[in-house]
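For reference, positions follow the sequence shown, starting with 1. Hydrogens, waters and symmetry mates play no part in the numbers below; they use all other heavy atoms, side chains included.
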Amino acid sequence: MLVAVALAALAADIVSKIIVVSTLQDRAPVRLLGGLLTLRETRNSGAAFSIGTGYTIVFTLIACGVVVAILRTARNLRSVPWAVCLGLLLGGAVGNLIDRLLRAPAPLKGHVVDWIQLPHWPVFNLADSAIVCGGVLAVLLAARGLQVDGTRLKDEGSATDETPNKGERPESEVTPSKGDTADGDAVKGDAAKGDAVEGDAVEADAAKNAAAGEPDDGAEVAAPEEKS
């Protein structure tokens with residue numbers, strides 16, 4: 001995807017510059033759409049949008065560094081949006097770099113062909129447009145947390161927070177062992193047996209007291225009658 005986008009941007013830039021040089025060089029500008037778009041052939045010794053004229057060699061070296069950085073980053077590329085983004089940047093950088101290397105006045109000092117002019121905007125070309133679109137897309141992808149390898153920063157953070165430690169288990173998943181179950185049943189059985197024994201002892205005492213003529217603890221004893 002990166003190579004396809006880069007080749008498409010580069011081909012469009014090279015073909016458009018060849019047509020512009022052959023048809024618009026040393027000719028009056030062509031006004032289209034009522035002056036909204038003007039086609040004029042100009043030469044730019046600076047960066048995009050005619051910035052930094054006079055530093056052609058510096059911008060040539062910067063463009064070479066950008067190309068190398070993109071190619072190194074492409075080794076870890078696992079995201080289609082980032083492939084499109086880097087492809088636009090690579091195609092635009094190579095398109096202007098070819099002009100600096102091959103066009104007049106000298107190698108590494110060549111002037112870039114610009115031909116698109118909008119109202120109140122510097123003249124630019126398709127390579128500049130590809131670079132700007134790639135830069136805007138890179139900012140949007142970084143703001144959404146999407147990485148070059150296809151991962152997201154938010155997903156990694158949430159996965160770390162939700163994953164329990166290896167030595168811990170959720171309370172809902174903890175099941176009692178056989179020993180704990182057996183101990184609990186034994187305790188319940190002892191408690192029931194104790195209650196039964198205590199009840200039998202109470203009933204035996206009550207029967208013995210009744211046979212001996214003694215009242216139970218809970219029975220009321222009648223008071224003796226007083227003789228007049």
Side-chain angles (χ1 to χ4, degrees), residues 1-30 37-143 147-149:
M1 179 64 70
L2 182 148
V3 173
V5 173
L7 291 178
L10 179 60
D13 181 64
I14 292 176
V15 172
S16 64
K17 288 176 179 177
I18 293 174
I19 296 174
V20 167
V21 171
S22 61
T23 58
L24 296 178
Q25 189 174 15
D26 300 329
R27 295 184 59 180
V30 178
L37 174 63
T38 302
L39 305 181
R40 69 168 68 229
E41 192 265 348
T42 62
R43 299 300 176 102
N44 176 21
S45 61
F49 306 111
S50 301
I51 299 174
T53 57
Y55 295 93
T56 307
I57 296 180
V58 175
F59 291 119
T60 302
L61 297 177
I62 293 175
C64 293
V66 170
V67 172
V68 172
I70 293 175
L71 294 177
R72 289 175 60 88
T73 305
R75 295 182 301 177
N76 300 324
L77 188 61
R78 299 293 185 276
S79 171
V80 173
W82 273 108
V84 175
C85 171
L86 296 180
L88 291 173
L89 294 174
L90 181 61
V94 173
N96 285 337
L97 182 60
I98 291 176
D99 283 359
R100 300 188 189 281
L101 295 176
L102 302 180
R103 293 191 184 275
L108 299 179
K109 296 182 180 180
H111 295 176
V112 177
V113 176
D114 290 335
W115 56 276
I116 304 173
Q117 184 177 16
L118 300 176
H120 311 291
W121 197 259
V123 185
F124 59 97
N125 54 39
L126 293 183
D128 297 334
S129 301
I131 293 173
V132 172
C133 293
V136 173
L137 182 58
V139 172
L140 295 177
L141 295 177
Q147 302 298 300
V148 176
D149 58 358

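In this view, A74 and L2 satisfy the side chain to side chain contact (heavy atoms under 4.5 Å, CB included) rule, not counting sequence neighbours. Partners of V66 under the side chain to side chain contact (heavy atoms under 4.5 Å, CB included) rule, at least two apart in sequence or in another chain, are I62, I70, A93. With sequence neighbours excluded, the residues satisfying side chain to side chain contact (heavy atoms under 4.5 Å, CB included) with I116 are L37, F124, L126. Partners of L10 according to the side chain to side chain contact (heavy atoms under 4.5 Å, CB included) rule, which considers only residues two or more places apart in sequence or in another chain, are I14, V94, I98.
Of the listed residues (L39, T42, V30, T23), just one forms a side chain to side chain contact (heavy atoms under 4.5 Å, CB included) with W115, and that residue is L39. Considering D114, N44, T60, D128 in turn, D128 is the only one that fulfils the side chain to side chain donor-acceptor pair (under 3.5 Å) rule with N96.
When side chains are defined from C-beta on, I131 does not count as touching L88, because their heavy atoms never get closer than 4.5 Å. Side-chain contact between R43 and V21 is present, with at least one heavy-atom pair separated by less than 4.5 Å.
Across all non-hydrogen atoms, the minimal contact from A130 to A9 is CB-CB, 4.3 Å. Heavy atoms only, all atoms of each residue included: A138 and C85 are closest at CB-SG, 3.5 Å. Smallest separation of non-hydrogen atoms from S79 and P81: OG-CD, 3.2 Å.
Taking SG of C64 as the reference point, atom CG of L108 lies at 7.5 Å (rounded to 0.5 Å). Taken from NE2 in H111 to CZ in R100, the straight-line distance is 9.0 Å, to the nearest 0.5 Å. Summarising the geometry, atom CD belonging to Q25 is positioned 5.0 Å from atom CD belonging to E41; distances are rounded to the nearest 0.5 Å.
Legend: salt bridge (charged side-chain N to carboxylate O under 4.0 Å, His left out) pairs involving residues 11-25, not counting sequence neighbours, sorted by first then second residue: D13-K17, K17-D99. The stretch residues 69-85 participates, sequence neighbours left out, in no salt bridge (charged side-chain N to carboxylate O under 4.0 Å, His left out) pair at all.
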Please evaluate residues L90 and L71 with respect to the criterion side-chain contact (heavy atoms from CB on, under 4.5 Å), reporting the C-alpha separation (whole Å), side-chain torsions for both, the decisive distance (0.1 Å), and the verdict. CA-CA 8 Å; L90 181 61; L71 294 177; 4.2 Å; yes
